[in-house]
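Note: hydrogens, waters and symmetry copies are ignored here, and every other heavy atom, side chains too, is used. Order of the sequence lines fixes the chain letters, A, B, ..., with proteins taken first and strands second; residue numbering starts at 1 for each chain.
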Protein chains: 2
Amino acid sequence: MPLETTTTAPDAAVPAPDAAPARLGRRRDHSRDADILDAAIEVLAEVGYDGMTMEMVAGRAKAGKATLYRRWPSKGELVVDAVACMKSKGLDADHLPDTGTLRGDLVAMIKPRAVEDADRKLRVMGGLMSVISRSPELAEAISSAIVEPRAEVNRRLFQRAIDRGEIAADCDVATISMVAPSMTAYRLLVTQRPVDRDYLIAIIDGVVLPAVGLKPPAGDPGAQAAPLGPLADD
Amino acid sequence: MPLETTTTAPDAAVPAPDAAPARLGRRRDHSRDADILDAAIEVLAEVGYDGMTMEMVAGRAKAGKATLYRRWPSKGELVVDAVACMKSKGLDADHLPDTGTLRGDLVAMIKPRAVEDADRKLRVMGGLMSVISRSPELAEAISSAIVEPRAEVNRRLFQRAIDRGEIAADCDVATISMVAPSMTAYRLLVTQRPVDRDYLIAIIDGVVLPAVGLKPPAGDPGAQAAPLGPLADD
DNA sequence: TATATACGGAACTTGCCAGTTTCGGATACC
DNA sequence: GGTATCCGAAACTGGCAAGTTCCGTATATA
């Protein structure tokens with residue numbers, strides 16, 4: 001049951017020393033990799049690392065178990081790869097909303113697609129929680145695919161607010177950037193309650209904005225400042 | 001699967017009123033229950049639910065595996081019982097510090113013994129994270145032994161600050177009470193960094209107090225207002 | 001002291017799952 | 001078309017852990 005933590009040469013076999021081999025026969029269909037990794041993410045989100053079996057992943061991806069082992073040497077490395085592949089999806093710290101106010105930016109991040117993506121990432125994280133402490137590779141994958149992208153987005157939004165003079169320059173950006181990630185994770189994984197738009201607005205208006213010295217709008221909280229309807233997406 | 005979450009001797013000394021069978025022979029030594037449950041908590045904190053084996057618990061408690069199964073019908077119910085037994089230890093919402101200021105109260109909660117206790121509870125929670133969503137009994141045990149006591153303590157401290165007019169009456173106590181629990185859990189379990197006095201002070205002064213409209217003390221943050229030396233305990 | 005029960009330890013049974021092998025069929029290169 | 005390789009399916013192996021049974025011993029009641 002221990003995680004295989006070998007750092008592997010992934011698929012690159014022994015290099016033919018002299019002649020380019022110019023392989024023969026059917027080629028490995030690497031487009032299936034994504035299907036398998038997606039299936040693994042699904043299963044991880046539902047039953048966690050120890051509940052996941054290679055048969056489940058193979059079945060979900062309509063693949064054979066042997067195909068999985070042809071591509072990854074062990075369950076542990078498949079999972080690390082699957083988590084790492086989540087990095088490219090979702091948040092993009094280079095294309096953030098810029099509404100002119102911190103609250104506007106934070107609220108603009110709340111889109112159905114983004115909320116759903118964050119929800120899945122949190123569930124995957126929860127399913128891997130008890131393994132994190134014993135697998136540095138997995139911890140690193142989770143950090144760089146889930147934790148850091150989200151923290152980085154927040155740091156940029158707060159830094160912009162500092163740069164435009166909206167909030168104090170000496171506020172603890174590093175700590176405040178973790179407020180929403182921490183609270184949503186706790187809410188979803190520990191108390192098992194939904195992380196929806198209302199809850200995110202409550203964090204923004206009840207904790208984050210007051211913490212940086214801003215007053216949330218007075219009226220019905222969160223009702224306004226929703227520039228897009230519920231069906232609007234990216 | 002019947003739920004047996006009794007934390008004390010179920011077959012108490014109450015004698016059957018009429019036909020008391022007056023059992024014969026050696027009696028079950030219920031003082032061992034606590035040893036076994038403590039061993040289970042230790043193992044859970046170290047390797048999580050799926051990593052924990054009944055042999056490990058028995059070995060740690062210097063008991064036989066059969067003794068465990070004489071007292072609990074399954075691993076799952078032993079774990080639920082072990083978590084439920086954590087409820088009585090640590091926080092006591094009826095004997096909270098009362099320093100006259102919210103910050104004083106929050107800082108007074110930071111004692112080596114309390115930090116250590118919270119740390120262990122968080123690790124246990126992390127080890128059970130992926131099981132919570134599929135075991136309502138376990139979710140309930142965690143909630144009432146770990147989540148609620150901590151939230152209740154915070155709610156009381158904030159409510160007292162409201163009552164004495166120190167902070168606004170309309171602040172979102174329910175949400176703010178979850179800030180520190182959420183952030184410490186994330187810090188310890190996800191980012192794997194220590195939850196020590198400095199980090200707790202950073203949360204108090206960098207997030208919680210500003211969020212309720214209070215200014216933390218200006219100077220070296222957290223250095224003062226530590227009325228007791230590092231060796232002082234409860 | 002006699003008896004009924006609990007105890008720790010160890011052997012045992014059972015089932016599951018990681019990982020391997022085998023096989024008939026599909027597919028891309030030559 | 002020939003062939004080497006990949007594919008999915010299924011059978012198989014081996015180890016590990018949940019749960020059970022048995023045994024020699026300890027201990028509380030009568």
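Of the candidates Val195(A), Leu122(A), Thr191(A), Thr191(A) is the only one forming a side-chain contact (heavy atoms from CB on, under 4.5 Å) with Tyr186(A).
The pair Glu77(A)-Arg71(A) fails the salt-bridge criterion, with no side-chain N (NZ, NE, NH1 or NH2) lying under 4.0 Å from an Asp/Glu carboxylate O. Asp35(A) and Arg32(A) are joined by a salt bridge, as a carboxylate oxygen and a charged side-chain nitrogen come within less than 4.0 angstrom of each other.
Side-chain contact check for Thr184(A) and Arg187(A): no donor-acceptor pair (N or O, by modelled atom type) lies under 3.5 Å.
Each of Gly25(B) and Gly64(B) has a nearest nucleotide on DNA chain C; the 5'-most of these lies closest to Gly25(B). The residue among Tyr49(B) and Ala61(A) whose nearest nucleotide of DNA chain D is located toward the 5' end is Ala61(A).
Note on Ala66(B): a base of the nucleic acid sits closer than 4.0 angstrom, heavy atoms only. Met56(A) comes within 4.0 angstrom of nothing in the nucleic acid, heavy atoms only. Residue contacts for Arg32(B): at a heavy-atom cut-off of 4.0 Å it reaches the sugar-phosphate backbone alone, with no base atom in range.
Side-chain atoms of Arg70(A) lie closest to dC7(D) of the nucleotides dG8(C), dA18(D), dC7(D). Relative to the side chain of Tyr69(B), the nucleotides dG19(D), dC17(C), dG8(D) differ in distance, and dG19(D) lies closest.
The base of dG19(C) lies outside donor-acceptor range of the side chain of Lys75(A), with no N or O pair under 3.5 Å. Side chain Arg26(B) to base dA26(D): a donor-acceptor pair is found below 3.5 Å.
In this structure, CD of Glu55(A) is placed 14 Å from P of dC12(D), rounded to the nearest angstrom. Atoms NZ (Lys65(B)) and P (dT13(C)) sit 14 Å apart, rounded to a whole Å. Distance CG (Asp50(A)) to P (dA17(D)): 11 Å, rounded to an integer number of Å. Distance, Asp29(A) CG to dA28(C) C1': 12 Å, rounded to whole Å. If you measure from atom CG of Leu78(B) to atom C1' of dG19(D), you get 13 Å, rounded to the nearest angstrom. For the pair Arg71(A) CZ and dG19(C) P, the interatomic distance rounds to 17 Å; values are reported in whole Å. Between Lys62(B) atom NZ and dG9(C) atom P there is a gap of 9 Å when expressed in whole angstrom units. Summarising the geometry, the separation between CG on Leu68(B) and C1' on dA10(C) is reported as 15 Å, rounded to the nearest angstrom.
Relative to the six-membered ring of Tyr69(B), Lys75(B) misses at least one condition, a distance below 6.0 Å or an angle of at most 45° to the axis.
In terms of phosphate contacts, Arg27(A) brings a side-chain nitrogen or oxygen within less than 4.0 Å of OP1 or OP2 of dC29(C). For Thr67(B) and dG8(C), the shortest distance from a side-chain N or O to OP1 or OP2 is below 4.0 Å.
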